[in-house]
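Scope of the values below: all heavy atoms of this structure, side chains included, with no hydrogens, waters or symmetry mates. Everything quoted here is computed from the prediction, not taken from an experiment.
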Amino acid sequence: MAERGRTSPVSQQVLLDAKLNQKRSARTRLRRSTSMYIMLIPGILLVLLFAYTPMYGLIIGFKDYNIFAGANPFDAIAKSPWVGLENWNALWIQSKFRQAVINTFVISALKVVICFPIGIILALMINEVRSKIAKRTLQTVMYLPHFVSWVVVGALFMNILGTTGIVNQVITALGGETQRFFMDNAWFRFVLLLTSAWKESGWNTIVYLAAITSIDPALYEAAKIDRANRLQQIWHVTLPGIASTIVMMFILRLGGIMDAGFSQILVMYNPTVYASGDIIGTYVYREGLGKLNWSQGTMVGFFNSIINMILLLGGNLLSRKLTERSIW
């Protein structure tokens with residue numbers, strides 16, 4: 001009998017055979033999937049080139065960057081003096097930056113609370129349409145705004161909500177006062193939510209409709225046998241069936257919460273609504289590129305990325321604990 005704490009020769013041989021089999025199976029899988037791995041190479045190179053190589057530029061946030069300090073941008077970064085966290089401290093002194101951070105969180109939170117469920121509701125409504133022609137027509141009409149640029153959307157809604165737009169014409173005809181929707185801090189966030197919901201909600205329904213089609217029809221038949229009406233079927237069958245998809249989309253939305261719609265706001269905002277509409281992205285654009293303050297602009301971008309990563313990881317962890325569903 002083998003001594004306690006030691007494995008017998010037979011057990012050692014079994015372990016060695018198991019390791020050899022694992023290595024052989026790994027080599028076999030590699031040989032069988034060689035063409036697939038070769039096809040991955042261009043994608044990996046693109047990610048390394050455009051996603052990881054630019055990270056070297058994060059050093060600018062910790063330097064007093066001077067673009068003319070070197071013969072090329074990389075040389076200029078190397079020769080610019082280190083300043084540590086001076087750029088970070090200088091940012092938080094500025095009340096405009098603090099306001100931009102608050103606006104970013106508020107606008108993103110409003111879009112998650114108000115705009116995120118609209119895509120789910122629209123998908124449920126479209127799924128209940130029995131006519132295939134009507135369903136396809138509705139889907140097409142709802143998808144189309146997604147392909148319209150924010151410049152066109154901004155011009156369209158300025159004609160609708162502008163001081164001489166259709167809405168104000170109706171208001172004045174009814175005896176009301178003209179509303180400055182794009183120049184009033186009390187209205188500007190409402191305009192952002194309205195235009196975001198109009199443009200993107202229909203596109204978001206694609207994912208949910210695809211998830212609905214994967215639900216087993218037998219579940220609906222069982223619900224009908226139990227005398228469940230359409231609303232009860234939606235609540236007890238459809239929604240649980242797409243719950244994992246909703247969780248995945250919600251977590252991904254949390255990961256981009258610091259974006260808050262840069263292109264949308266850049267097209268629609270103006271100095272009169274900076275107090276309610278200026279976000280981190282537009283602040284970086286105005287201060288970093290407009291005033292050529294590269295160092296502070298880079299530091300703001302770095303801060304933005306860190307917050308996004310924390311929200312993404314935190315949202316995934318919270319979802320796994322509360323709903324037992326997560327992306328990883």
Item to check | Student check: side-chain heavy atoms of D216 and L219 closer than 4.5 Å | outcome: yes

Checklist entry - Should we count CZ of F250 as having more than 12 external heavy atoms under 6.0 Å? => result no

Next on the checklist: I'd like to know whether K111 forms a side-chain contact (heavy atoms from CB on, under 4.5 Å) with L193, so could you lay out the CA-CA distance, the side-chain angles of the two residues, the decisive distance to 0.1 Å, and finally the verdict.
Outcome noted: CA-CA 6 Å; K111 286 185 176 180; L193 294 175; 3.7 Å; yes

Checklist entry - When hydrophobic residues are tied together by side-chain contacts of less than 4.5 Å, even through go-betweens, does I206 share a cluster with V129? => result no

Checklist entry - How long is the span from the CG atom in L144 to the CZ atom in F147, to the nearest 0.5 Å? => result 7.5 Å

Item to check | Distance-minimising heavy-atom pair for L209 and A123 | outcome: CD2-O, 3.4 Å

Next on the checklist: Can a donor-acceptor pair be found, under 3.5 Å and without considering hydrogens, that links the side chain of K63 to the backbone of V83?
Outcome noted: no

Next on the checklist: Just verifying a value: how many Å separate L49 CG and I44 CD1, rounded to the nearest 0.5 Å?
Outcome noted: 13.5 Å

Item to check | Any donor-acceptor N/O pair, S108 side chain to F105 backbone, under 3.5 Å | outcome: no

Checklist outcome for this item: Closest non-hydrogen contact found for K135 with I126 is CE-O, 3.3 Å

Checklist entry - Do I279 and I114 belong to the same hydrophobic cluster, where Ile, Leu, Val, Met, Phe, Trp and Tyr are linked whenever their side-chain heavy atoms lie under 4.5 Å apart, directly or via other members? => result no

Checklist entry - Any chain of hydrophobic side-chain contacts (each under 4.5 Å) joining V141 to W203? => result no

Checklist entry - Which atom pair, heavy atoms only, marks the closest approach of A211 to I242? => result CB-CG2, 3.6 Å

Checklist entry - So how far is it from I60 CD1 to S80 OG, rounded to the nearest 0.5 Å? => result 8.0 Å

Checklist entry - Given the rule that I, L, V, M, F, W and Y join up when any side-chain heavy atoms are under 4.5 Å apart, are L192 and V106 in one cluster? => result no

Checklist entry - If you round to the nearest 0.5 Å, how far is OG of S35 from CG of L40? => result 10.0 Å

Item to check | Backbone of Q232 reached by a side-chain donor or acceptor of N229 within 3.5 Å | outcome: yes

Checklist entry - Taking only residues at least two apart or on different chains, which pairs with a member in residues 84-96 satisfy side chain to side chain donor-acceptor pair (under 3.5 Å)? => result Q94-Y283, Q94-Q296

Checklist entry - Is the number of heavy atoms from other residues, nucleotides or ligands within 6.0 Å of CE (M39) greater than 12? => result no

Checklist outcome for this item: Quick note, side chain to side chain donor-acceptor pair (under 3.5 Å) partners involving residues 143-162, not counting sequence neighbours, are H146-E200

Next on the checklist: Is it true that R180 and N168 share a donor-acceptor pair across their side chains at a distance under 3.5 Å?
Outcome noted: no

Next on the checklist: Between M142 and L122, does the side-chain contact (heavy atoms from CB on, under 4.5 Å) criterion hold? Intermediate values first, please.
Outcome noted: CA-CA 9 Å; M142 290 180 181; L122 288 177; 3.9 Å; yes

Item to check | Result of checking V167, L194, T195 against I160 for side-chain contact (heavy atoms from CB on, under 4.5 Å) | outcome: V167

Checklist entry - Are T238 and Q233 linked by a side-chain donor-acceptor pair shorter than 3.5 Å? => result no

Checklist entry - Which pairs with one or both residues in residues 206-238 pass ring pair (Phe, Tyr, Trp, His ring centres under 6.0 Å), sequence neighbours excluded? => result none

Next on the checklist: Around atom CD1 of I133, are there more than 12 heavy atoms from other residues, nucleotides or ligands closer than 6.0 Å?
Outcome noted: no

Checklist entry - Say you draw a straight line from CE of M125 to CD1 of I234; how long is it, rounded to the nearest 0.5 Å? => result 9.5 Å

Checklist entry - Counting heavy atoms not belonging to F116, are there more than 12 under 6.0 Å from its CZ? => result yes

Checklist outcome for this item: Nearest heavy-atom contact between I118 and A197 is CD1-CB, 3.9 Å

Item to check | Smallest separation among heavy atoms of M158 and V267, with atom names | outcome: CE-O, 3.8 Å

Checklist entry - Quick one: does T172's side chain have a donor or acceptor within less than 3.5 Å of a partner on Q169's backbone? => result yes

Next on the checklist: Please check: side-chain N/O of R98 versus main-chain N/O of I93, any donor-acceptor pairing under 3.5 Å?
Outcome noted: yes

Item to check | Shortest non-hydrogen separation from N103 to D278 and the atoms involved | outcome: ND2-O, 3.0 Å

Checklist entry - Quick check, are the ring centers of F188 and Y269 under 6.0 angstrom apart? => result no

Checklist entry - Given the rule in the side-chain contact (heavy atoms from CB on, under 4.5 Å) test, do L161 and F182 qualify, once you have shown the distances and angles that lead to the verdict? => result CA-CA 8 Å; L161 300 174; F182 288 92; 3.8 Å; yes

Next on the checklist: Nearest 0.5 angstrom please: N66 CG to S295 OG, how far?
Outcome noted: 9.0 Å

Checklist entry - When you measure from the side chain of D226 to the backbone N and O of A228, does any donor-acceptor pair fall under 3.5 Å? => result no

Checklist entry - Do M268 and V153 come within less than 4.5 Å of each other through their side chains, counting heavy atoms only? => result yes

Next on the checklist: The test is side-chain contact (heavy atoms from CB on, under 4.5 Å); show your working for I212 and L124 and say whether it passes.
Outcome noted: CA-CA 9 Å; I212 290 173; L124 295 174; 4.2 Å; yes

Checklist entry - Given the rule that I, L, V, M, F, W and Y join up when any side-chain heavy atoms are under 4.5 Å apart, are L252 and I107 in one cluster? => result yes

